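Notes to accompany the following structure.
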Amino acid sequence: MTTAAESATSLVQSVDWLAIAPPLTAAAVALVVLVADLFVTEARKPLLGYGAVAGLVASLALIIPLHEGDRSTFCLTTGSHACSYTADHFTLVIQALVLGGALLTALLSLGDTRKLPAGEFWFLLLSSAAGAALLPASRDLATLVIALEVASLPAFALVGIKRGDRRSSEAALKFFLSSVTATAVMLLGVSFVYAATGTLHLTDLAGRLGRVDPQLSTLAGAGVALTLVGFAFKTAAAPFHFWVPDTYVGAPLPIAAYLSVVGKAVGFTGLILVTVIAFPAYADVWGPALAVLAALTMTVGNVAALRQSASRARSAVRLLAWSSVAQAGYLLVPIASAAYAGERRIGSTVAYALMYAVVNLGAFAVAALVARTRPGNRLDDYRGLYATRPLAALALAFFLLCLAGLPPGIIGLFAKVTVFSAAVDAGLGWLAVVMAVNVVVALYYYLQWTAALFRAPAGGEEAAPAVRHRVPASLTAAIVLTAAAGVVLSGAPQTVLRFATVNLF
């Protein structure tokens with residue numbers, strides 16, 4: 001009896017509560033906000049938003065005690081001792097990125113939730129942020145898929161949360177159908193991989209896929225391919241990008257910003273984990289495939305961005321949407337390079353993602369500011385912005401130049417250089433050439449938008465809005481924070497180089 005009890009006890013996995021504190025805190029605050037919504041009067045609904053902001057700040061603060069990057073939990077007590085949750089440096093950097101992105105989204109949303117169900121909005125945002133923070137720590141396929149869905153499912157509702165808005169409902173439906181398809185394909189791939197290897201832990205998969213039974217090699221290869229196709233949907237890689245522009249246009253602007261940064265970070269994080277940690281044995285398969293996807297994605301995104309009409313309704317958001325597709329292509333380059341030059345190339349993707357997150361959220365913040373007086377959010381509406389809101393125009397010009405990789409946006413230039421170097425070092429010269437051509441193409445629409453900010457308004461000065469609407473302090477704070485972060489990073493580009501050269505795993 002004693003032996004049996006000891007055996008049963010040895011199977012119980014220990015829990016490191018500090019390691020799981022960042023996503024757990026966000027999830028707990030989400031539940032608190034949802035319950036509080038039942039008892040808070042309509043006049044006090046804004047308090048729910050401030051509570052959500054406080055919860056995200058607390059989640060970010062709890063990353064600090066984990067800075068050593070040496071904690072793991074939910075580990076097997078027998079066999080390989082593989083763990084399901086690991087708080088290494090890669091995890092902490094991505095958690096800081098997604099929680100910081102969610103915090104800026106919350107600041108953008110504080111002044112724009114008057115027509116939205118406040119309790120549900122903040123609950124969904126915090127729940128999605130909790131899933132996004134869990135995903136980079138996931139080290140088995142089951143936890144990875146669950147975290148991905150926890151991050152994605154609330155996002156569907158957030159896109160369609162504008163009641164009575166046909167465009168919002170249509171965007172939510174497109175987003176939902178494409179994401180469900182991706183999940184179904186991914187789960188089929190995961191089931192094939194599990195059938196061929198008998199394990200779901202990423203570190204165990206790396207070893208077992210290299211010596212899989214020859215009779216199961218086709219099954220294993222199909223599983224790897226289907227899993228990667230599922231993540232290609234999540235990252236909006238071409239030709240699986242069709243849902244992006246309509247979803248961004250139909251969603252509330254803060255949620256479009258959230259999807260462009262946090263949603264993208266979630267997809268790329270999952271792709272990095274399965275390729276670099278779980279599937280290195282199939283690097284000769286996913287390396288060339290991701291290289292082709294990278295070239296196709298950046299080309300499709302930039303060509304579509306070039307075709308945006310300045311007078312079309314919501315053309316500014318559409319341009320940012322297609323720009324985000326092109327940026328996804330750049331983010332794929334170091335992951336493809338890792339198949340040839342090792343996992344150290346992944347640092348270039350993380351460095352680029354940090355730059356992109358800061359400046360893209362800033363661009364959406366300025367778009368939200370302009371939308372308060374020009375709901376159509378056309379590119380034409382930004383003409384002469386410097387004459388009416390000089391600081392906002394300067395901030396947007398800085399963000400666009402960062403995305404283009406031009407001074408004074410030094411951080412954008414260095415981020416692109418690290419990605420370009422990753423391709424060259426991996427022997428992917430053709431991909432580096434494609435990227436260089438696409439960077440030049442993107443300069444046209446980024447500079448065209450930037451120049452419009454400083455031109456005279458289309459109908460003269462009298463065409464500018466006569467009434468200056470009061471700007472919420474939270475929106476101003478979001479623009480200031482992103483601009484300040486961009487300036488600091490541009491003043492310390494070695495930060496990007498450090499991420500590009502250090503092994504984060």
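Residues take their numbers from the sequence shown, with the count starting at 1. Quantities reported herein were computed from a predicted structural model and do not represent experimental measurements.
Separating the CG atom in Asp246 from the CG atom in Leu173 is a distance of 11.0 Å, to the nearest 0.5 Å. A distance of 5.5 Å separates CG of Leu92 from CG of Leu66, quoted to the nearest 0.5 Å. Here CG of Leu361 is found 7.0 Å from CG of Leu108. Values are rounded to the nearest 0.5 Å. A distance of 11.5 Å separates CG in Leu62 from CD1 in Ile20, rounded to the nearest 0.5 Å. For the atom pair Leu443 CG and Leu403 CG, the distance stands at 11.5 Å (nearest 0.5 Å). From Cys402, atom SG reaches atom OH of Tyr356 across 13.5 Å, with rounding to the nearest 0.5 Å.
Summarising the geometry of Thr227 relative to Met186, their closest heavy-atom pair is OG1-O, 4.1 Å, with the distance given to 0.1 Å. When every heavy atom of Ala236 is checked against every heavy atom of Lys264, the shortest pair comes out as CB-NZ, 4.5 Å.
Counting only heavy atoms from C-beta outward, the side chains of Leu293 and Pro239 approach each other to under 4.5 Å. The shortest side-chain heavy-atom distance between Gln95 and Pro136 falls under the 4.5 Å cut-off. Phe268 has its side chain out of reach of Ile94: every pair of non-hydrogen atoms, C-beta onward, lies at least 4.5 Å apart. Val224 places none of its side-chain heavy atoms less than 4.5 Å from the side chain of Val274. When side chains are defined from C-beta on, Leu205 counts as touching Leu141, because their heavy atoms get closer than 4.5 Å.
The aromatic rings of Tyr386 and Phe454 sit tilted relative to each other, their planes meeting at an angle between 30° and 60°.
In the model, Ser128 has a side-chain atom that pairs as donor or acceptor with a side-chain atom of Tyr258 under 3.5 Å. Defined by atom type and a distance below 3.5 Å, a donor-acceptor pair is missing between the side-chain atoms of Thr91 and Tyr85. No hydrogens or angles considered: a donor-acceptor pair under 3.5 Å links the side chains of Asp140 and Ser84. Residues Asn302 and Tyr445 bring a donor and an acceptor atom of their side chains to less than 3.5 Å of each other.
Of the possible donor and acceptor atoms, one in the side chain of Ser337 sits under 3.5 Å from a partner among the backbone N and O of Ala422. Under the 3.5 Å distance criterion, the side-chain polar atoms of Trp286 are matched with a main-chain donor or acceptor of Phe279.
Screening Phe175, Phe233, Phe176 for a ring pair (Phe, Tyr, Trp, His ring centres under 6.0 Å) involving Trp243 leaves a single residue, Phe175.
Counting heavy-atom neighbours within 6.0 Å of Tyr444 OH, excluding the residue itself, gives a total of 12 or less.
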